[in-house]
**Student:** 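Take this structure, written in structure tokens, and hold onto it; I'll ask about it next.
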Amino acid sequence: MTQAETSVDFVRGIIADDNRSGKFGGRVVTRFPPEPNGYLHIGHAKSICLNFGLAADFDGVCHLRFDDTNPSREEMEFVESIQEDVRWLGYDWGDNLFYASDYFGQLYEYATKLIENGKAYVCDLTGDEVREYRGNLTEPGKESPYRNRTVEENLNLFKSMRAGFFEEGSHTLRAKIDMAAPNLNLRDPVLYRILKQTHHRTGDEWPIYPMYDFAHGQSDSIENVTHSVCTLEFEDHRPLYDWFLNELDIYRSQQIEFARLNITHTVLSKRRLIELINGGYVNGWDDPRMPTISGLRRRGYTPEALRNFCDRISVARRDNTVEIALLEHTLRDDLNKRSPRVMGVLDPLKVVIENYPEGKVEDIISTNNPEDLTMGERNVPFTRVVYIEKDDFREVPPPKFYRLSPGREVRLKDAYYITCNSVVKDETTGEVIELRCTYDPNTFGGTSADGRKVRGTAHWVSEEYAVDAEVRVYDHLFTTLDPDDVPEGSDWKDNINPDSMVVMESAKLEPGLNQAKPGERFQFLRLGYFCVDKDSTPEAPIFNRTVALRDTWARMDQDRKKN
RNA sequence: AGCCCUGUAGUGUAGCGGUAACACGCCAGCCUUUGAAGCUGAAAUCUCUGGUUCGAACCCAGGCAGGGCUGCCA
């Protein structure tokens with residue numbers, strides 16, 4: 001697609017219009033405003049790509065601002081992880097790193113101004129009373145009995161709040177708007193609450209903290225943010241956002257809402273992610289099954305794949321659930337181009353090639369990446385005893401099974417054709433534990449001069465030279481499209497996939513792979529993309545399966561079993 | 001129930017008055033020393049009903065369906 005044909009999302013449409021009308025003088029300033037109370041997940045990636053992408057497209061800047069107005073749940077650990085994740089995704093905020101807490105002083109002055117203008121008052125109602133007075137969806141609220149205090153009284157009370165003279169919960173500062181407004185956000189919203197907690201940046205300097213509504217828009221305004229992009233649930237807050245900027249008569253940033261991301265087979269709410277961790281269903285924020293940026297990173301995702309995914313899902317205002325298949329596609333698409341091919345056998349079956357001389361070793365030349373020949377070739381040692389995948393052998397081959405079975409011939413990738421002559425079984429269990437085969441010496445490299453058709457090609461690893469490794473095979477975290485799709489009385493956690501991680505303890509990999517560094521990615525031929533786990537060592541290598549290759553046979557086989 | 005938002009192939013997006021596009025997925029076929037990748041092809045009467053118009057997915061009205069909002073969370 002050419003640039004001209006590329007259609008733009010509605011946010012870019014708005015900005016283009018604004019640039020045409022000169023609304024912001026052609027300036028574009030966006031911001032990504034996470035609350036540092038958890039790790040970032042792929043839903044945040046959508047917002048990050050949007051905000052930083054907007055800045056890049058319109059020659060603007062994007063700020064990173066921590067929305068740290070609630071000291072009771074925010075921590076430094078999170079502000080660090082968030083910065084790491086944004087950087088890893090490939091974005092740079094330059095000098096524009098801000099904190100809402102940078103503006104506590106300014107925000108206090110704004111509040112004072114509102115009081116002076118008769119637009120805010122100190123309220124002594126308790127939390128329960130505030131709720132009662134607010135009314136509900138259908139009934140208007142009642143005005144607080146403290147609503148008509150004098151400016152002086154309010155000023156003094158607010159100063160006392162700030163000085164720490166009052167207990168938590170005893171007073172709030174509220175905007176004086178309209179207790180009968182159909183939009184509940186306008187029914188005298190709380191601006192400041194008393195919280196005697198140590199803040200991760202301002203320490204004990206403040207006993208009062210601004211609410212989101214009183215902090216966010218003004219922070220945007222202070223930073224001269226032009227387009228303040230947030231998710232749909234803040235839509236009803238926009239009138240309030242505008243009300244503050246208007247009453248305070250400060251820079252008018254514009255809030256634009258978009259629909260948040262949902263993905264099948266996973267959950268994306270912070271609350272649920274924490275529940276998965278605390279319940280021991282996963283091993284922390286960076287468990288490779290988690291949809292967190294750190295989890296995806298450990299799983300082997302690339303920033304490019306994630307950014308491409310965000311491009312493809314685009315952004316709109318309707319609720320959406322993106323199929324996880326699209327995410328996996330953008331991943332494979334990227335990995336396919338960049339990953340060197342290697343051979344690894346996850347579930348080994350021993351193959352003895354009876355007519356191949358004992359002790360003989362041949363170098364098999366293998367292409368590192370057929371998609372990119374500049375990645376070169378390598379030698380893989382071939383010997384009399386090799387391992388193949390158990391799945392590549394069936395004693396009784398079903399229809400359309402092109403792989404090995406007694407009497408059949410297959411190709412060992414890049415090496416030779418082999419024919420299975422007999423099987424060795426475990427005497428007690430009857431399980432096939434070894435294949436006795438012969439090879440055709442005239443098929444070196446994997447081709448025969450006589451043009452014989454060999455449909456199946458198997459990957460293999462020399463027994464003598466194999467590297468032992470642990471391979472963690474990951475799959476979707478939930479078995480159902482929608483984790484909430486549960487029968488009466490069940491829980492979304494009942495849909496957790498019991499096989500979301502299957503550990504293959506005795507995988508056999510081609511030589512050299514124990515030297516791969518954590519984070520290094522490979523395609524294990526015919527199986528999928530794998531990366532070295534952060535806990536891996538040369539002595540005890542650990543690989544994570546990032547994503548499987550599409551597997552037509554496995555699907556056919558499964559369908560066959562079902563029918 | 002009040003206010004606000006949304007409704008185009010299975011999914012996600014495009015289309016901005018002239019009878020639907022792209023991607024993923026799915027299915028069918030080709031190709032194949034990865035049953036991968038690649039290549040071909042197939043699938044929507046645009047939520048419904050009226051109206052405006054020569055002409056509507058696009059404009060208007062009214063239904064219906066889905067979502068958000070009743071924290072001193074963000």
Side-chain angles (χ1 to χ4, degrees), chain A residues 1 5-9 13 33-35 37 67 69-70 72-74 123 125-127 130-131 134-141 168-174 181-187 189-195 208-209 211-213 215-216 230-239 257 259 261 264 270 311-330 332-333 336-337 341 343 366-367 370-371 400-403 411-415 417 443 445-447 454-459 481 523-528 548-556:
Chain A
M1 229 192 270
E5 289 168 320
T6 307
S7 53
V8 298
D9 55 74
E35 183 188 9
N37 70 341
D67 231 332
T69 56
N70 189 346
S72 60
R73 41 187 248 175
E74 294 154 7
C123 182
L125 254 26
T126 65
V130 169
R131 197 171 311 123
R134 187 161 32 232
N136 57 42
L137 264 17
T138 46
E139 294 158 32
E168 275 191 20
S170 63
H171 299 72
T172 55
L173 181 72
R174 297 227 261 160
N183 180 345
L184 294 284
N185 293 122
L186 265 17
R187 318 245 262 228
V190 172
L191 270 33
Y192 269 92
R193 76 286 216 188
I194 298 170
L195 242 35
I208 56 172
Y209 292 90
M211 297 290 289
Y212 165 86
D213 283 311
H216 199 94
C230 62
T231 44
L232 247 28
E233 67 267 28
F234 294 104
E235 207 175 326
D236 292 338
H237 293 244
R238 187 171 2 114
E257 313 87 15
L261 171 66
T264 61
K270 219 173 271 184
D311 272 357
R312 302 250 204 145
I313 60 173
S314 191
V315 35
R317 286 176 67 85
R318 62 183 103 115
D319 292 330
N320 63 88
T321 303
V322 175
E323 289 173 345
I324 201 165
L326 179 59
L327 213 210
E328 294 172 339
H329 172 264
T330 61
R332 290 193 190 101
D333 193 40
N336 179 41
K337 287 177 239 152
R341 273 58 170 171
M343 291 192 284
S366 212
T367 306
E371 301 282 328
K400 299 251 179 87
F401 183 81
Y402 306 144
R403 282 112 99 140
R411 171 169 36 236
L412 292 182
K413 172 76 175 165
D414 293 326
Y417 293 177
T443 56
T447 52
V454 172
R455 191 81 197 256
T457 300
H459 57 279
L481 247 55
Q523 184 196 96
F524 285 10
L525 229 51
R526 304 209 301 137
L527 296 179
L549 248 27
R550 288 190 58 196
D551 192 343
T552 308
W553 165 248
R555 207 169 23 223
M556 282 167 54

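Everything numeric here is computed off the predicted structure, so don't read it as measured data. Naming convention: chains lettered A, B, ... in sequence-line order (proteins, then strands); numbering from 1 in each chain.
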**Student:** Under 4.0 Å between any heavy atoms, over every strand shown, what does A:D236 touch: base, sugar-phosphate, or nothing? Just pick one.
**Tutor:** base
**Student:** Any strand is fair game: report the nucleotide pairing with B:C31 by Watson-Crick or G-U wobble, both distances under 3.5 Å, or none.
**Tutor:** none
**Student:** Using atom CD of A:E257 as one end and atom P of B:U6 as the other, report the distance to the nearest whole Å.
**Tutor:** 10 Å
**Student:** Write down the distance separating the C1' atoms in B:U8 and B:U19, rounded off to the nearest Å.
**Tutor:** 14 Å
**Student:** Applying the side-chain contact (heavy atoms from CB on, under 4.5 Å) criterion to A:E328, which one of A:I324, A:T330, A:L326 satisfies it?
**Tutor:** A:I324
**Student:** My understanding is that a pair needs two contacts under 3.5 Å, Watson-Crick or G-U wobble. By that rule, which nucleotide pairs with B:U11?
**Tutor:** B:A23
**Student:** Could you tell me the separation between the CG atom of A:D414 and the P atom of B:U34, rounded to a whole number of Å?
**Tutor:** 9 Å
**Student:** Over how many whole Å does the gap from A:L137 atom CG to B:C69 atom P extend?
**Tutor:** 10 Å
**Student:** Would you mind telling me which residue lines up with the more 5' stretch of RNA chain B, A:T138 or A:V322, judged by nearest nucleotide?
**Tutor:** A:T138
**Student:** Between B:C59 and B:C3, how far apart are the P atoms? Round to whole Å, please.
**Tutor:** 23 Å
**Student:** Pick the C1' atom in B:G17 and in B:A74, then give their distance to the nearest Å.
**Tutor:** 43 Å
**Student:** Check every strand shown and say whether A:R174 touches a base, only sugar-phosphate, or nothing at a heavy-atom separation below 4.0 Å.
**Tutor:** nothing
**Student:** Can you find a heavy atom in the side chain of A:P370 that is under 4.5 Å from one in the side chain of A:R341?
**Tutor:** yes
**Student:** Provide the distance between the two C1' atoms, one in B:U47 and one in B:C69, to the nearest whole Å.
**Tutor:** 24 Å
**Student:** Would you kindly give the CG-to-C1' distance between A:D551 and B:A37, to the nearest whole Å?
**Tutor:** 14 Å
**Student:** With rounding to the closest Å, how many angstrom separate the C1' atoms on B:A43 and B:C27?
**Tutor:** 9 Å
**Student:** Can a salt bridge be assigned to the pair A:E168 and A:R193 using a cut-off of 4.0 Å between side-chain N and carboxylate O?
**Tutor:** no
**Student:** Hey, which sits more toward the 5' end of RNA chain B by its nearest nucleotide, A:N183 or A:V454?
**Tutor:** A:N183
**Student:** So A:Y417, base contact, sugar-phosphate only, or nothing? Heavy-atom distance under 4.0 Å.
**Tutor:** nothing
**Student:** Distances under 3.5 Å only, N/O to N/O: pair up the protein atoms with those of nucleotides 25-30 of chain B.
**Tutor:**
unit_1 : atom_1 : unit_2 : atom_2 : d
B:C26  : OP1    : A:R555 : NH1    : 2.7
B:C26  : OP2    : A:R550 : NH2    : 3.2

**Student:** Is there a side-chain contact between A:T457 and the phosphate of B:U32, meaning an N or O under 4.0 Å from OP1 or OP2?
**Tutor:** no
**Student:** Rounded to the nearest Å, what distance is computed from the CZ atom of residue A:F524 to the C1' atom of nucleotide B:G35?
**Tutor:** 20 Å
**Student:** Give each protein N/O atom lying under 3.5 Å from an N/O atom of nucleotides 71-74 of chain B, with the pair distance.
**Tutor:**
unit_1 : atom_1 : unit_2 : atom_2 : d
B:G71  : OP2    : A:R131 : NE     : 3.4
B:G71  : OP2    : A:R134 : NH2    : 2.8
B:C72  : OP2    : A:R134 : NH1    : 3.1
B:C72  : N3     : A:G169 : O      : 3.4
B:C72  : N4     : A:L125 : O      : 2.7
B:C72  : N4     : A:G127 : N      : 3.2
B:C72  : N4     : A:G169 : O      : 2.9
B:C73  : OP2    : A:R193 : NE     : 3.0
B:C73  : OP2    : A:R193 : NH2    : 2.9
B:C73  : O3'    : A:R193 : NH2    : 3.1
B:C73  : O2'    : A:N70  : ND2    : 3.3
B:C73  : O2'    : A:R73  : NE     : 3.4
B:C73  : O2'    : A:R73  : NH1    : 3.3
B:C73  : O2'    : A:R73  : NH2    : 3.4
B:A74  : OP1    : A:T69  : OG1    : 2.6
B:A74  : OP1    : A:R193 : NH1    : 3.3
B:A74  : OP1    : A:R193 : NH2    : 2.9
B:A74  : OP2    : A:Y212 : N      : 2.9
B:A74  : O3'    : A:D67  : OD2    : 3.4
B:A74  : N6     : A:H237 : NE2    : 3.3

**Student:** Is there side-chain contact between A:Q523 and A:L549, with at least one heavy-atom pair below 4.5 Å?
**Tutor:** yes
**Student:** Salt-bridge test for A:R317 and A:E235: reply yes if a basic N is under 4.0 Å from a carboxylate O, no otherwise.
**Tutor:** yes
**Student:** Can you check the A:R318 CZ to B:A57 P distance for me, whole Å?
**Tutor:** 17 Å
**Student:** What pairs of nitrogen or oxygen atoms, one from the protein and one from nucleotides 63-65 of chain B, lie under 3.5 Å apart?
**Tutor:**
none

**Student:** Is there a Watson-Crick or G-U wobble partner for B:G2 with both distances under 3.5 Å, and if so, which one is it?
**Tutor:** B:C69
**Student:** Given the C1' atoms of B:G7 and B:C48, what is the spacing between them in whole Å?
**Tutor:** 11 Å
**Student:** Using the C1' atom as the point on both nucleotides, what is the distance between B:A42 and B:C16, in whole Å?
**Tutor:** 30 Å
**Student:** Does the pair A:W553 and A:Y402 meet the rule for a ring-ring contact (aromatic ring centres under 6.0 Å, His included), with working shown?
**Tutor:** CA-CA 9 Å; A:W553 165 248; A:Y402 306 144; 7.5 Å; no
**Student:** Just how far, in rounded Å, is C1' of B:A23 from CZ of A:R312?
**Tutor:** 6 Å
**Student:** Can you tell me how far C1' in B:A65 sits from the matching atom in B:U70, rounded to whole Å?
**Tutor:** 24 Å
**Student:** Using the glycosidic torsion, which applies to B:G68: syn (within 90° of 0) or anti (everything else)?
**Tutor:** anti
**Student:** Does a side-chain heavy-atom distance below 4.5 Å link A:T264 with A:V322?
**Tutor:** no
**Student:** Does a side-chain heavy-atom distance below 4.5 Å link A:S170 with A:I194?
**Tutor:** yes
**Student:** Need the pair for B:G62. Rule: Watson-Crick or G-U wobble, both distances under 3.5 Å, any strand; none if unpaired.
**Tutor:** B:C48
**Student:** What's A:P370 touching, base or sugar-phosphate or nothing? Going by heavy atoms closer than 4.0 Å.
**Tutor:** base
**Student:** Expressed in angstrom and rounded to an integer, what is the separation of A:R317 atom CZ from B:A14 atom P?
**Tutor:** 12 Å
**Student:** Is any side-chain nitrogen or oxygen of A:N320 closer than 4.0 Å to OP1 or OP2 of B:U13?
**Tutor:** yes
**Student:** Of the nucleotides B:A36, B:G12, B:U6, which one has an atom closest to the side chain of A:T552?
**Tutor:** B:A36
